[in-house]
Amino acid sequence: MSINDFEALKDFEMSRSNRSDIQNPGEKYAGITDFMFKFATRVSATFKVRWTDIKDLEDVNGNVNKAAYVRDKGVKINVKVMADNYYQSLREMYFTCEENDTLFHELSERTFTNMMTDFSKVSGRNVTPHSLKVGAVTRLYDLTHNIMDCQ
């Protein structure tokens, strides 16, 4: 998935608002797309991340950022480091009141996948949730030209 496809998908999701019981559903689904593209997570893992899975992480220089500990394929845990301002934007958009909730608990994995199917039909491109993971890794390689950064 190219960066242009990624942006077009987010725009498509923003234009969709098929759930009246959720405030800003298009914006929230586009936020999931953004999360998956930034952190190269699988859709199944993304919808299981809980607020309690995000913890402070101090680097070697003493700087503190947030890190999401994402359970992927059984017991494998991937650490996804995020800037504090990105974490705060997630809290503002998705947090309702329970620390043990999943980040995207208001939203449906099936609806998210269906939106991607609809986008594929409209755009003429075969876009799946896995396209976000592949696109993120490709983008990282394009920026760094270091295959080790992509693992």
Colleague: Start with the C-alpha gap between V43 and E109, add the side-chain angles, then the distance that decides, and say whether side-chain contact (heavy atoms from CB on, under 4.5 Å) holds.
Modeller: CA-CA 7 Å; V43 69; E109 184 176 335; 3.7 Å; yes
Colleague: Between the side chain of Y87 and the main-chain N/O of I54, is any donor-acceptor distance below 3.5 Å?
Modeller: no
Colleague: What verdict does the side-chain contact (heavy atoms from CB on, under 4.5 Å) test give for Y86 and L90, after you've listed the backbone C-alpha separation in whole Å, the side-chain angles of each residue and the deciding distance to 0.1 Å?
Modeller: CA-CA 6 Å; Y86 182 75; L90 288 173; 3.6 Å; yes
Colleague: Between T102 and V49, does the side-chain contact (heavy atoms from CB on, under 4.5 Å) criterion hold? Intermediate values first, please.
Modeller: CA-CA 5 Å; T102 59; V49 177; over 6 Å; no
Colleague: Does the side-chain contact (heavy atoms from CB on, under 4.5 Å) test come out yes or no for L57 and Y69, once each step is laid out?
Modeller: CA-CA 11 Å; L57 180 68; Y69 293 81; 3.8 Å; yes
Colleague: Ignoring hydrogens, what is the shortest heavy-atom contact between V81 and N65? Give both atom names and the distance.
Modeller: CG1-CB, 4.1 Å
Colleague: Is the backbone of K76 close enough, under 3.5 Å, to the side chain of D72 for a donor and an acceptor to pair up by distance?
Modeller: no
Colleague: Crowded around R50 CZ? As in, over 12 foreign heavy atoms under 6.0 Å?
Modeller: yes
Colleague: Got V70 and I77 here, is their nearest side-chain heavy-atom distance under 4.5 Å?
Modeller: no
Colleague: Which distance, rounded to the nearest 0.5 Å, do you find between the CZ of R125 and the OG of S120?
Modeller: 9.5 Å
Colleague: Would you please name every residue forming a side-chain hydrogen bond (donor to acceptor under 3.5 Å, both in side chains) with N100, sequence neighbours left out?
Modeller: none
Colleague: To check you understand the geometry: which heavy-atom pair defines the closest contact between E27 and M14, and what is its length?
Modeller: CA-SD, 3.2 Å
Colleague: Cation-pi check for F39 against K80: NZ or CZ below 6.0 Å from the six-membered ring centre and within 45 degrees of the axis, yes or no?
Modeller: no
Colleague: Let me confirm one number: the CD-CG distance from E13 to D34, rounded to the nearest 0.5 Å.
Modeller: 10.0 Å
Colleague: May I ask whether M82 and V79 are part of the same hydrophobic cluster, defined by side-chain heavy atoms of I, L, V, M, F, W, Y residues being less than 4.5 angstrom apart, directly or through others?
Modeller: no
Colleague: With sequence neighbours excluded, tell me which residues meet side-chain contact (heavy atoms from CB on, under 4.5 Å) with E98.
Modeller: D101
Colleague: For F35, which of F104, F47, Y94 qualifies under ring pair (Phe, Tyr, Trp, His ring centres under 6.0 Å)?
Modeller: F104
Colleague: Is it the case that the side chain of D59 and the backbone of N61 share a donor-acceptor pair, with hydrogens and angles ignored and the cut-off at 3.5 Å?
Modeller: yes
Colleague: Please report the closest heavy-atom contact between F12 and D118, naming both atoms and the distance.
Modeller: CZ-CB, 3.8 Å
Colleague: Does a side-chain heavy-atom distance below 4.5 Å link K55 with K66?
Modeller: no
Colleague: Report the distance from atom CG of N4 to atom CG of L9, rounding to the nearest 0.5 Å.
Modeller: 12.5 Å
Colleague: If you define the side chain from C-beta out and look only at heavy atoms, does anything of F95 sit under 4.5 Å from L103?
Modeller: no
Colleague: As an exercise, state the distance from NZ of K28 to CG of L107, rounded to the nearest 0.5 Å.
Modeller: 6.5 Å
Colleague: Who are the side-chain contact (heavy atoms from CB on, under 4.5 Å) partners of V64, not counting sequence neighbours?
Modeller: D56, E58
Colleague: OG/S15 to NZ/K10 distance, rounded to the nearest 0.5 angstrom?
Modeller: 13.5 Å
Colleague: Rounded to the nearest 0.5 Å, what separation is found between the OG1 atom of T96 and the NE2 atom of H105?
Modeller: 3.5 Å
Colleague: Does the pair R91 and E99 meet the rule for a salt bridge (Lys or Arg N to Asp or Glu O under 4.0 Å), with working shown?
Modeller: CA-CA 10 Å; R91 293 278 294 191; E99 290 292 334; 3.1 Å; yes
Colleague: Measure the shortest side-chain to side-chain distance between E106 and Q23 over non-hydrogen atoms and say whether it is less than 4.5 angstrom.
Modeller: no
